[in-house]
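Scope of the values below: all heavy atoms of this structure, side chains included, with no hydrogens, waters or symmetry mates.
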Amino acid sequence: MCEDAVHPAHKALNRRGLFVTGAAAALTLNSVSFASGAERRGPARKPGSKETRTVRGTLPVGSPDFVYLPVEVPDGVAELRVSYTYQKPPVPAGTQGNALDIGVFDERGTELGGKGFRGWSGGARTEFFLRADDATPGYLPGRIRAGTWNIALGPYTVAPEGLPYEVTITLTYGAPGTTPRPVYPPERAKGRGRAWYRGDCHLHSVYSDGRRTLAEIAALARAAGLDFINSSEHNTHSAHAHWAEHAGDDLLIMLGEEVTTRNGHVLSLGADPGTFIDWRYRARDNRFGRYARKIRDAGGLVVPAHPHATCVGCNWKFGFGEADVVEVWNGTYTPDDEVSLADWDSMLVASVRGGRPWIPAMGNSDAHRDPDRIGGPQTVVLADDLTREAIQEGLRRGRSYIAESSSVELTFSAAGGRGRHAGIGERLAVDRDTPVTVRLDVKGAPGRTVRIVTDQGVLHTSAALPESGTGTVEWRTTPSYAAYVRAEIRHTPTTPGLPGPLCAFTNPIFLGRH
């Protein structure tokens with residue numbers, strides 16, 4: 001084993017071979033070499049033989065978001081294997097400790113949005129490998145071609161005394177092998193024609209930081225009464241080629257990614273198979289619009305996820321100008337979801353008063369492991385069929401409601417004028433003083449309370465629904481009094497004076513001719 005010690009980055013910024021790159025403010029360390037140029041052109045090494053290099057260093061507070069460790073890979077390599085460790089010293093209460101992510105880019109480079117991406121595991125794994133025929137989940141199989149590869153380190157948080165790390169790279173020599181052709185799930189399931197379909201579009205497996213296999217997720221999705229799901233691993237599309245065997249006539253599996261930046265997370269929902277969306281930028285870099293367009297160009301929807309979550313880097317700072325849908329409810333209903341709901345409602349108010357397009361809401365489980373419940377919550381979409389395109393169209397147009405489980409069923413409508421009526425996500429085009437009747441039919445919500453919400457606030461609260469869970473609530477208004485109406489079904493309050501957690505809620509119905 002050869003050990004190449006790298007001095008602490010904060011003491012070596014001016015050393016040759018250690019420099020700051022331009023885009024996304026990354027730091028590049030000294031290269032790790034396995035052979036000189038002459039040796040690379042020489043005879044091939046014995047098949048099965050291995051070489052290892054270990055690099056050590058310390059990243060200081062204030063390190064760039066990404067630190068690249070170049071590795072000069074010679075000809076004749078069959079497998080690249082990387083492991084890493086870093087120290088986690090205790091820190092005072094309220095101070096962030098060390099957290100270091102890892103991934104890899106091949107000889108095609110680290111350019112933003114480029115073709116060099118070969119995998120990312122964040123902080124979920126301490127080692128990974130790549131070969132032509134296989135790779136660690138989160139990484140893409142393919143030949144280990146000669147050239148400069150880059151181990152990508154992501155110092156997510158750094159303790160006051162710095163982040164000491166150690167990276168070990170092992171090359172195994174041999175024949176390159178063959179990469180299997182990817183097979184992707186179909187874009188259509190059997191469906192029931194025009195109907196309400198249930199889905200969960202934010203899920204994590206062993207291909208990022210989840211603990212469930214794809215087979216386990218598919219089985220749990222079916223058990224939760226779901227008709228569709230969306231693959232959404234953190235910063236990698238490596239799971240796309242492994243979903244096909246788990247799809248079926250009863251389960252549509254769409255493909256995407258959770259693009260996990262340092263200024264918020266966004267779902268790429270239902271993009272073309274094999275689509276990779278880069279995440280190495282912040283709001284101040286003014287690059288998000290480019291990657292939102294890439295999601296759309298690949299046939300996907302742009303969905304900011306848990307916009308008011310409190311975890312480091314989770315709070316959404318890119319604005320909602322590029323959003324097709326916003327994830328208002330994420331997993332178990334918590335105070336940050338209540339803030340997201342209120343923020344979304346404020347956006348609805350601004351849209352109707354400013355004559356601007358509105359952004360529909362959705363809910364997803366963000367399930368990672370037990371006891372996270374897949375389908376809790378779920379988005380119920382009115383779609384022409386169970387296809388990628390039809391589901392996306394229903395989501396994009398807001399013809400959907402969000403429920404805590406498949407046991408909750410809603411029918412929400414508005415009627416007025418000469419037999420006119422409208423459903424969720426639609427407009428009831430009647431004059432401003434026309435009487436309108438709003439009706440909500442509920443099943444599966446025993447003892448819950450219904451609230452009717454408009455651009456003027458909460459204008460009606462029902463008595464508790466009966467223990468059967470089935471009930472009907474009607475309310476009358478006019479477009480001059482309510483520019484839109486939406487419904488919330490709430491649990492009994494756990495804190496006096498505050499609304500109870502959500503059981504379900506709908507996207508709005510708009511009232512009036514404009």
Side-chain angles (χ1 to χ4, degrees), residues 112-115 117 120 140 182 184-189 197 199-205 207-208 214 217 221 226-244 247 251-261 264-281 287-307 316 318-328 330 357 359-366 378-379 381 383-400:
L112 283 175
K115 297 181 178 180
F117 175 77
W120 183 256
L140 304 175
Y184 300 113
E187 296 186 8
R188 175 183 296 272
Y197 295 100
D200 188 346
C201 294
H202 190 167
L203 298 163
H204 295 283
S205 76
Y207 282 84
S208 59
L214 303 189
I217 289 174
L226 301 183
D227 301 294
F228 65 92
I229 60 175
N230 179 68
S231 177
S232 57
E233 309 295 356
H234 292 286
N235 299 341
T236 180
H237 59 296
S238 63
H240 288 193
H242 301 276
W243 272 112
L251 185 64
L252 173 70
I253 298 177
M254 297 187 290
L255 303 176
E257 179 185 337
E258 183 175 7
V259 185
T260 307
T261 81
H265 303 181
V266 61
L267 301 177
S268 167
L269 197 164
D272 293 337
T275 298
F276 166 64
I277 305 299
D278 214 318
W279 73 98
R280 294 170 294 159
Y281 44 84
R287 287 185 170 87
F288 175 66
R290 168 184 171 185
Y291 293 102
R293 289 190 294 273
K294 184 172 180 179
I295 292 172
R296 290 196 193 92
D297 289 346
L301 299 181
V302 178
V303 185
H306 46 64
W316 185 250
F318 293 97
F320 295 94
E322 297 285 354
D324 295 308
V325 188
V326 59
E327 185 187 75
V328 168
N330 175 276
I359 305 172
M362 73 181 308
N364 300 298
S365 72
D366 199 2
Q378 53 194 245
T379 300
V381 184
D384 289 336
D385 208 346
L386 188 52
T387 67
R388 176 177 85 152
E389 183 177 357
I391 293 296
Q392 288 176 316
E393 180 67 6
L395 290 170
R396 187 185 293 109
R397 300 183 70 172
R399 293 179 175 173
S400 58

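For the pair Val326/Pro307, a side-chain contact is recorded, criterion being any heavy-atom separation below 4.5 Å from C-beta on. Taking the side chain as every heavy atom from C-beta outward, Gln392 and Asp324 never approach each other to under 4.5 Å. The shortest distance between side-chain heavy atoms of His237 and Phe117 falls below 4.5 Å. Put simply, the side chain of Glu327 does not reach to within 4.5 Å of the side chain of His265, judged on heavy atoms. Put simply, the side chain of Ser208 does not reach to within 4.5 Å of the side chain of Asn235, judged on heavy atoms. Counting heavy atoms from C-beta outward, Ile229 and Trp243 have side chains that approach closer than 4.5 Å. Contact of the Val266 side chain with the Trp316 side chain is registered, since non-hydrogen atoms from C-beta on lie closer than 4.5 Å. Considering only heavy atoms from C-beta on, Ser231 stays 4.5 Å or farther from Tyr207 through its side chain.
Residues His202 and Asn230 bring no donor and acceptor atom of their side chains to less than 3.5 Å of each other.
Salt-bridge formation is detected for the pair Arg388/Asp272: a Lys NZ or Arg NE/NH1/NH2 atom is positioned less than 4.0 Å from an Asp or Glu carboxylate oxygen. With salt bridges taken as basic N to acidic carboxylate O contacts below 4.0 Å, none links Lys294 and Asp278.
Considering CD1 of Ile277 and CZ of Arg293, their distance stands at 12.0 Å, rounded to 0.5 Å. For the atom pair CD1 of Ile391 and CG of Asp227, the computed distance is 7.5 Å after rounding to the nearest 0.5 Å. Rounding to the nearest 0.5 Å places CD1 of Ile295 at 4.5 Å from OG of Ser268. Taken to the nearest 0.5 Å, the OG1 atom of Thr387 stands 11.0 Å off from the CZ atom of Phe228. In this structure, OG in Ser232 is found 8.5 Å from CG in Leu269, a value given to the nearest 0.5 Å. Atom CZ of Arg396 is separated from atom CD1 of Ile359 by 13.5 Å, given to the nearest 0.5 angstrom.
Judged purely by atom type and a 3.5 angstrom limit, Glu233 uses its side chain to pair as donor or acceptor with the backbone of Ser205. Distance alone, capped at 3.5 Å, places no donor-acceptor pair between the Asp200 side chain and the Gln378 backbone. At distances below 3.5 Å, not a single donor-acceptor pair connects side-chain atoms of Thr379 with backbone N or O atoms of Gly199. In this structure, the side chain of Glu322 does not engage the main chain of Ala292 through any donor-acceptor pair within 3.5 Å. For His234 (side chain) and Val259 (main-chain N/O), no donor-acceptor pair under 3.5 Å exists by modelled atom type.
Not a single ring-ring contact (aromatic ring centres under 6.0 Å, His included) links Tyr197 to another residue, sequence neighbours left out.
The 12-atom threshold is not exceeded at CZ of Arg397, counting heavy atoms of other residues, nucleotides or ligands nearer than 6.0 Å. Counting heavy atoms of neighbouring residues, nucleotides and ligands inside a 6.0 Å radius, atom CZ of Arg188 does not exceed 12 of them.
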Please test Glu187 against Glu389 for side chain to side chain contact (heavy atoms under 4.5 Å, CB included), starting from the C-alpha separation and ending with a verdict. CA-CA 8 Å; Glu187 296 186 8; Glu389 183 177 357; over 6 Å; no
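Shown here for Ala390 and Ala383, the closest heavy-atom pair between the two residues is O-CB, 3.6 Å.
Relative orientation of the Phe288 and Phe318 rings is tilted, given thresholds of 30° and 60° on the angle between their planes.
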